[in-house]
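Whatever order the structure lists ligands and atoms in, that order sets their numbers, starting from 1. Heads up: numbering here begins at 1 and tracks the sequence. Owing to the predicted nature of the structure, the values given are computational and were not obtained by experimental measurement.
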Amino acid sequence: MTVLTALAQGRELLERAGIAVPRLTAEVLLAHAMRCERVYFYAHPEQELKEVEWLHYGRYLHERLQGKPTQYITKRQEFYGREFRVTPDVLIPRPETEHVVEAALEVARGAARVLDIGTGSGALAITLRLELGGETWGTDISPAAAAVAAGNAANLSAPVHLVVCDLAEAIAADSFDLIVSNPPYVPLAQKEGLQREVRDFEPHVALFGGETGFELYDRIVADAPRILRTGGWLIMELGFGCLNHVEQSIAGWRNVRIMPDLAGIPRVVAAQRQ
Ligand SMILES: C[S@@+](CC[C@H](N)C(=O)[O-])C[C@H]1O[C@@H](n2cnc3c(N)ncnc32)[C@H](O)[C@@H]1O
């Protein structure tokens with residue numbers, strides 16, 4: 001079995017099952033099985049697969065056909081130009097969340113102390129540690145997620161303090177210049193409507209905020225003035241349909257800014273503590 005044939009067969013299987021971007025997915029899974037980069041295939045289309053590579057490829061295709069996201073198979077996802085390890089204990093970092101980083105670089109470049117509430121893989125905390133250079137903390141209620149973040153922090157040489165706690169309950173008052181968060185914001189009622197890749201494979205603690213999806217925003221906005229120094233910034237990712245509710249809850253803050261994503265959807269809210 002050559003690379004070319006393996007890719008053609010994989011693409012066909014994935015396509016028939018209605019998996020998005022079947023050719024690219026086949027390439028990513030075969031590259032993972034052969035422990036090489038995808039570009040290798042273009043130079044070596046006639047290379048024969050070793051038996052072990054073929055077995056791994058078959059297993060990965062099977063897992064993907066069952067709905068497992070490609071990133072949980074390869075255990076990696078790029079975020080802001082860096083590679084993060086992801087496991088089913090953490091949300092797969094999304095490109096939209098990079099807008100939170102951009103907002104932080106725009107309004108709070110000088111932040112000396114940064115807190116990421118609900119850090120998951122550590123994507124935001126680690127990126128901000130490396131981009132801003134300030135002392136950085138991340139919290140998560142899931143010990144397993146915090147362990148993944150710790151591994152990423154070590155791999156990327158980004159010293160980040162990780163704390164397992166409910167939101168920021170273990171964080172001292174008046175101590176941060178910047179809080180970022182991408183909280184779980186999917187309303188429980190929308191569970192059945194989610195893609196199966198998300199609903200059946202990503203951690204529910206990372207997806208669902210409660211009945212309305214606003215619950216964690218409300219708690220973060222209520223607690224943030226305790227943690228932020230005067231003039232400190234709170235920056236949060238906005239879920240679909242959350243803008244009006246979050247805008248109302250931060251009405252008393254200064255310099256409220258709403259930033260859209262590339263599709264023009266309001267994606268990030270930034271506001272400064274009075
Ligand atoms: C939407 S994910 C975001 C993960 C990561 N920050 C990102 O943007 O890719 C939300 C994270 O919040 C964590 N979480 C949920 N409820 C929490 C709570 N009450 N306190 C702390 N963390 C919580 C979840 O475990 C999950 O890692």
Side-chain angles (χ1 to χ4, degrees), residues 69 71-72 75-104 114-131 136-153 156 158 160-171 178-188 190-191 194-195 197-199 201-224 226-227 234-240 242 246 261 267-269:
Q71 295 91 333
Y72 287 152
K75 298 199 168 49
R76 41 188 203 173
Q77 171 64 30
E78 193 187 296
F79 184 81
Y80 213 77
R82 299 184 181 92
E83 193 172 290
F84 285 77
R85 182 178 147 80
V86 293
T87 75
D89 290 316
V90 298
L91 187 96
I92 299 164
R94 306 295 205 267
E96 305 87 86
T97 305
E98 294 182 352
H99 292 292
V100 173
V101 176
E102 280 159 11
V114 177
L115 171 64
D116 174 20
I117 300 178
T119 199
S121 63
L124 282 174
I126 291 167
T127 303
L128 290 173
R129 174 65 184 82
L130 295 173
E131 297 296 325
T136 306
W137 293 64
T139 70
D140 208 290
I141 201 161
S142 156
V148 174
N152 280 323
L156 291 164
V160 171
H161 305 279
L162 292 158
V163 182
V164 175
C165 69
D166 187 7
L167 296 183
E169 68 171 8
I171 301 297
L178 169 64
I179 298 175
V180 295
S181 187
N182 173 20
Y185 51 61
V186 181
L188 272 169
Q190 285 178 14
K191 184 172 167 183
L194 290 177
Q195 271 184 309
E197 277 82 355
V198 177
R199 185 194 57 225
F201 291 90
E202 299 208 70
H204 284 190
V205 67
L207 297 174
F208 301 109
E211 289 301 324
T212 64
F214 305 141
E215 289 83 348
L216 270 78
Y217 287 114
D218 290 346
R219 291 182 54 207
I220 293 170
V221 171
D223 196 28
R226 176 184 70 79
I227 302 159
L234 170 63
I235 302 178
M236 295 187 292
E237 178 166 326
L238 290 169
F240 186 73
C242 294
V246 174
D261 62 19
R267 182 57 67 185
V268 173
V269 59

Handout entry: Basic-acidic side-chain contact under 4.0 Å: E131, R82
Key = yes
Practice task
Heavy-atom contacts with C165 under 4.0 Å: which atoms of ligand 1 show up? List them by number with element.
Solution key: 20 (N), 21 (C)
Handout entry: T87 side chain near R85 side chain, heavy-atom distance below 4.5 Å
Key = yes
Completion exercise
T97 heavy atoms within 4.0 Å reach ligand 1 at atoms 8 (O)
Problem - The one among G122, P93, G118 that brings a heavy atom closest to atom 4 (C) of ligand 1 - result: G118
Practice task
Using the salt bridge (Lys or Arg N to Asp or Glu O under 4.0 Å) rule, pick out the option among E202, E237, E78 that qualifies with R94.
Solution key: E202
Exercise for the section: Let me know which of T119, T97, I235, L238 forms a side chain to side chain contact (heavy atoms under 4.5 Å, CB included) with N182. Expected result: T97
Handout entry: Nearest heavy atoms of D116 and S181, plus distance in Å
Key = OD1-CA, 4.2 Å
Problem - Non-hydrogen side-chain atoms of L91 and L207 separated by less than 4.5 Å - result: yes
Handout entry: Nitrogen or oxygen atoms of D116 and ligand 1 under 3.5 Å apart
Key = no
Exercise for the section: Return the residue, atom name and 0.1 Å-rounded distance of the protein heavy atom closest to atom 5 (C) of ligand 1. Expected result: T119 O, 3.3 Å
Completion exercise
Among non-hydrogen protein atoms, atom 23 (C) of ligand 1 lies closest to I141 CG2, 3.6 Å
Fill in the blank from the handout: The atoms of ligand 1 lying under 4.0 Å from a heavy atom of N182, numbered in the order shown, are 1 (C), 2 (S), 3 (C), 7 (C), 8 (O), 10 (C)
Problem - Closest heavy-atom pair and its distance - P69, E197 - result: CG-O, 3.6 Å
Practice task
Distance to 0.1 Å, residue and atom name: give those for the protein heavy atom nearest to atom 15 (C) of ligand 1.
Solution key: V205 O, 3.2 Å
Handout entry: ligand 1-proximal atoms of S181, by part, heavy-atom distance under 4.0 Å
Key = neither
Exercise for the section: Rounded to the nearest 0.5 Å, what's the gap from CG on L124 to OG1 on T136? Could you check? Expected result: 11.0 Å
Handout entry: Sub-4.0 Å heavy-atom contact, L216 with ligand 1
Key = yes
Problem - Parallel, tilted or perpendicular: ring planes of Y185 versus Y217, cut at 30 and 60 degrees - result: parallel
Problem - Atoms in ligand 1 flagged as close to L167, the criterion being non-hydrogen separation under 4.0 Å - result: 18 (C), 19 (N), 20 (N), 21 (C)
Practice task
Answer side chain, backbone, both or neither: which part of D166 comes under 4.0 Å from ligand 1, heavy atoms only.
Solution key: both
Completion exercise
Of V186, L91, D140, the residue with the heavy atom nearest atom 26 (C) of ligand 1 is D140
Exercise for the section: Would you check whether V90 reaches within less than 4.0 Å of ligand 1, judged by its heavy atoms? Expected result: no
